[in-house]
Student: 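Sharing a structure, written as structure tokens. Questions coming.
Labels below follow one simple rule: chain letters A, B, ... track the order of the sequence lines, proteins then strands, and each chain is numbered from 1.
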Amino acid sequence: MPKPLYLDFEQPVAELEGRIEELRHLSGDDPGGVTVAEEVARLKTRMEKQIRLIYGRLTPWQRTQVARHPERPHCLNYINGLIENFTPLAGDRIFGEDTAITGGLGRFRGRSVMVLGHEKGHDTESRVHHAFGMPRPEGYRKAERLMRLADHFKLPVITLIDTAGAYPDIEAEARGQARAIACCLETCLDLRVPFISVIIGEGGSGGALALAAANTVLMLENAVYSVISPEGCAAALWPSGGQVQMAAEALRLTATDLLALGVVDAIVPEPLGGAHRTPAEAIANVETALNNALRELTTLEGGILRARRREKFLRMGREPWEP
Amino acid sequence: MNWLTNYVRPKILQLVRPRDESENLWVKCPQCGHMIFHKDLKRTFRVCSYCNHHLRLSARMRLAMLFDDNGFTCIELPQTDPDPLKFRDMKRYVDRLREAQNQTGEHDAIIVAHGTMGGIPVVVAVFNVEFLRGSMGTAVGEGLVAAAELAILQEAPLVVVPAASGLRMQEGVLSLMQMARTTIAVDKVKEKGLPFLVVLTNPTLGGVAGSFAMLGDIVLAEPGAMIGFSGTRVVEQTMHEKVPEDFQRAEYLLSHGMLDMVVPRSQLRDVLLKLVKLLRYPLPPGEVIDLLSRTELPPLFENPPVPSSSPSVSPEQPEAV
């Protein structure tokens, strides 16, 4: 098993886990196995307590780091865990195929759905292959095509959001990144089928929203969703630099903040120590939340789904927010 | 409006406000460096008469330029929470807002006006790039929603002239949501069959470009305007190289198929008017028939239908093809 990756504020946990591993290794040729087992159990309780302590008071910047954790389950992990008969579909039919957005048909709890999302990749090779989950116009045009396809066949749409933002290079701009995002967003707001978004990691500005203007927007406990990255915000507003923590705080990008702002509809709890510690549990929690949301939406007629979605987004920022 | 702008008399504000460029007799063209006399600059709506460079035009001058006899009526925009996140960086956001309001004399970065263009009622929403770099927050979103509603109410075409560096980060994710909101607003105008025309001006970037600005029925741009989703600096950081000089300029977008045309400011009003007329009045002008001087009326049909002599003919067997 590869060594797990620890964030800097997880160091106390790393130390305890290291000691547990050490003891386990020793107990192999130790006659006094019982005392070792006792010690391991004791350390485990301490570790759990430590994790609870750390994760109970994560700062917005620490949460951003958790949301970007490389071992956190990504789009494809959720698809593999939740969608049967997943059949990936490719291409925008105009220019190319963008693997930063992955999507296709499949069954969620027996029901045919269109599922798509940003895929970041899990190792260097796959990260490069998926362009770090940062789509170019082809990706957004593909997403638009898949959503229209779902609309045509009256299938619910599920999107999984996890991106730092749209890919910022010359090629993307030359092929109309702005227009592609605008059209994708317009399509989201036009669908006459149940549409659910789950922010599973990073919701990076317009590149995320282009797939996330849904009837129900779910957000994982440690995910973040913001108009700009804390780094970008800090660079723009704190010219002296190094104020990324303050920027993260000021932006109000955590799930609790966004629920209070009315931007997300529900928070999906994560297992102790974040989704990266026990991915299976995180995926199961998303399944429950998705199922609840879908059950509610599938009772509604297409025109009503569209109208309600539009009303919801049209209201945003109109009502004053009470902190 | 806050208490300060209401309370402090305009004449006192004049003393505090930085001097308007129009008060300087000569303005240096940022492109060719020529000194331009202020009256010439005003006459050309701030286009350099030497190199044709389009200088920044204030929102109110733009409105005056577009409407008949330079006359228009601004509408009051619905109030929004001025600081929904209680945002604070080096300064408090409310202070930044107040500063911008005092400097520009405007409430936020958008002005919505209605009036006539060539006798046709139109609604125009113009961004004021001098107000916090024209960034879009909840108040700007509200302005666009109001503009769309007004256009629908008046059955008038909607013209939007964005000039924005992107979304207003001090309003966080609520600014982001304005992308969805403005998209719905302009869609409503389009659904009613009313023309939605966009004139992209320098700069139109980020979330503004990534929403309503690129969704116009027809999209025009001013020469040299910077238009794109990602800022040049970010692109250069990703690519680790300098971008070409014309990158993200209006002409570049035109050649990449992202715009309908690049229109010089001097022709903007005429082009908009022509488009509005073409879209709103699609039928040919009615023909006037002088009934008194004609002895007989023109036939109702070119070839009057001849009544069939044998109405009950059994249908013939169709020939095999």
Side-chain angles (χ1 to χ4, degrees), chain A residues 165-170 172-183 185-186 188-190 203 205-210 212-213 225-228 232-234 236-240 243 246-247 250-253 257-258 261-263 309-321 323, chain B residues 78-81 84-90 93 137-139 141-142 145 166-181 183-185 187-188 204-215 227-231 234-235 237-239 243-244 247-248 252-253 256-258:
Chain A
Y167 204 89
D169 71 345
I170 292 184
E173 289 294 314
R175 293 199 291 271
Q177 187 76 284
R179 165 85 180 176
I181 288 173
C183 288
L185 180 57
E186 197 178 28
C188 285
L189 293 162
D190 192 41
S205 196
L209 176 67
Y225 188 12
S226 168
V227 64
I228 187 170
C233 180
L237 296 179
W238 281 270
S240 49
Q243 300 298 335
M246 282 169 86
L251 281 170
R252 311 237 171 210
L253 39 65
D257 284 329
L258 294 177
L261 287 168
V263 171
R309 194 181 314 127
R310 290 167 84 90
E311 272 164 31
K312 176 179 127 176
F313 281 94
L314 208 47
R315 270 200 311 270
M316 279 186 192
R318 180 164 284 181
E319 291 155 305
W321 177 59
Chain B
Q79 288 286 325
T80 51
D81 188 339
L85 302 189
K86 307 282 171 275
F87 193 96
R88 186 192 180 109
D89 47 81
M90 307 286 281
Y93 172 49
T138 50
E142 200 67 60
V145 172
L167 300 172
R168 190 164 305 164
M169 53 188 142
Q170 291 94 339
E171 290 183 27
V173 77
L174 289 177
S175 298
L176 183 62
M177 292 303 130
Q178 302 312 308
M179 287 175 71
R181 210 165 161 221
T183 300
I184 299 168
D187 263 10
K188 284 189 169 184
T204 302
L205 294 168
V208 171
S211 58
F212 71 91
M214 290 306 278
L215 293 173
I227 304 152
F229 188 73
S230 307
V234 183
V235 172
Q237 276 170 6
T238 323
M239 311 275 296
V243 297
F247 179 62
Q248 289 185 327
Y252 176 92
L253 268 87
H256 283 78
M258 296 298 146

Student: Rounded to the nearest 0.5 Å, what separates atom CZ in B/Arg88 from atom CG in A/Leu237?
Tutor: 13.0 Å
Student: Does a side-chain heavy-atom distance below 4.5 Å link A/Ile228 with B/Leu167?
Tutor: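 Not in contact.
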Student: Compare all side-chain heavy atoms of A/Cys233 with those of B/Asp89 and state whether any distance is below 4.5 angstrom.
Tutor: no
Student: Counting C-beta onward and ignoring hydrogens, is there a side-chain heavy-atom pair between A/Glu311 and B/Ile184 closer than 4.5 Å?
Tutor: no
Student: Below 4.5 Å from any heavy atom of chain A, which atoms of B/Met258 appear? Answer side chain, backbone, both or neither.
Tutor: side chain
Student: Under the rule for side chain to side chain contact (heavy atoms under 4.5 Å, CB included), what residues qualify as partners of A/Gln243, not counting sequence neighbours?
Tutor: A/Trp238, A/Met246
Student: Within the structure provided, determine whether B/Leu176 and A/Ser226 are in side-chain contact (heavy-atom separation under 4.5 Å).
Tutor: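 Side-chain contact under 4.5 Å: no.
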Student: What part of B/Gln237 gets within 4.5 angstrom of chain A, counting heavy atoms only: side chain, backbone, both, or neither?
Tutor: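 Neither the backbone nor the side chain of B/Gln237 comes within 4.5 Å of chain A.
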Student: Checking the side chain of B/Thr238 only, and the main-chain atoms of A/Pro168 only, is there a donor and an acceptor separated by less than 3.5 Å?
Tutor: yes
Student: Please classify the contact between A/Leu253 and chain B as side chain, backbone, both or neither, with a heavy-atom cut-off of under 4.5 Å.
Tutor: neither
Student: Under a 4.5 Å heavy-atom cutoff, which of B/Thr80, B/Thr138, B/Val173 has the most pairs with chain A?
Tutor: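 Between B/Thr80, B/Thr138, B/Val173, the count favours B/Val173.
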Student: Give a yes or no answer on whether the side chain of B/Gln178 reaches the backbone of A/Met316 with a donor-acceptor pair at less than 3.5 Å.
Tutor: yes
Student: Give the member of B/Arg181, B/Met214, B/Glu171 that has the highest number of heavy-atom pairs under 4.5 Å with chain A.
Tutor: B/Arg181
Student: Tell me, out of B/Gly172, B/Gly210, B/Ser175, who's got the most heavy-atom pairs with chain A below 4.5 Å.
Tutor: B/Gly210
Student: Heavy-atom distance under 4.5 Å to chain A: side chain of B/Met239, backbone, both or neither?
Tutor: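 Contact with chain A is through the side chain of B/Met239 alone.
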Student: Going by heavy atoms in the side chains, are B/Pro84 and A/Arg252 under 4.5 Å from each other?
Tutor: no
Student: Sort A/Cys183 into side chain, backbone, both or neither according to what part of it lies under 4.5 angstrom from a heavy atom of chain B.
Tutor: both
Student: Minimum heavy-atom separation for A/Gly206 and B/Phe229, please, with both atom names.
Tutor: CA-CZ, 4.2 Å
Student: Can you name the closest pair of heavy atoms from A/Ala250 and B/Leu85 and give their distance?
Tutor: O-CD1, 4.0 Å
Student: Heavy-atom pairs under 4.5 Å with chain A are the metric here; pick the option from B/Ser211, B/Gly166, B/Gly257, B/Gly207 that has the most.
Tutor: B/Ser211
Student: Can you say whether B/Phe212 sits under 4.5 Å from chain A via the side chain, the backbone, both, or neither, judging by heavy atoms?
Tutor: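 Neither; nothing under 4.5 Å.
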Student: Which residues satisfy the salt bridge (charged side-chain N to carboxylate O under 4.0 Å, His left out) test with A/Glu173, sequence neighbours excluded?
Tutor: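 Not a single residue meets the salt bridge (charged side-chain N to carboxylate O under 4.0 Å, His left out) criterion with A/Glu173.
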Student: Provide the closest heavy-atom pair for A/Leu209 versus B/Met177 in the form atom of the first, atom of the second, distance.
Tutor: CD1-CE, 4.0 Å
Student: May I ask you to name which of A/Ala174, A/Pro239, A/Ala180 has the most heavy-atom pairs under 4.5 Å with chain B?
Tutor: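 Top option by heavy-atom pairs under 4.5 Å: A/Ala174.
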Student: A/Leu251 versus chain B, heavy atoms under 4.5 Å apart: side chain, backbone, both or neither?
Tutor: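 For A/Leu251, heavy atoms of backbone and side chain both lie under 4.5 Å from chain B.
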Student: For B/Val243, which atoms come within 4.5 Å of any heavy atom of chain A: side chain, backbone, both, or neither?
Tutor: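 Answer is both: backbone and side chain atoms of B/Val243 are under 4.5 Å from chain A.
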Student: Let's test your reading of the structure: which of A/Leu258, A/Asp169, A/Asp190 forms the most heavy-atom pairs below 4.5 Å with chain B?
Tutor: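 Greatest number of close heavy-atom pairs with chain B: A/Asp169.
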Student: Just how far is it from atom OG of A/Ser205 to atom CE of B/Met179, taken to the nearest 0.5 Å?
Tutor: 6.5 Å
Student: What I'd like to find out is whether the side chain of B/Asp187 reaches to under 4.5 Å of the side chain of A/Arg310, using heavy atoms alone.
Tutor: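 In contact.
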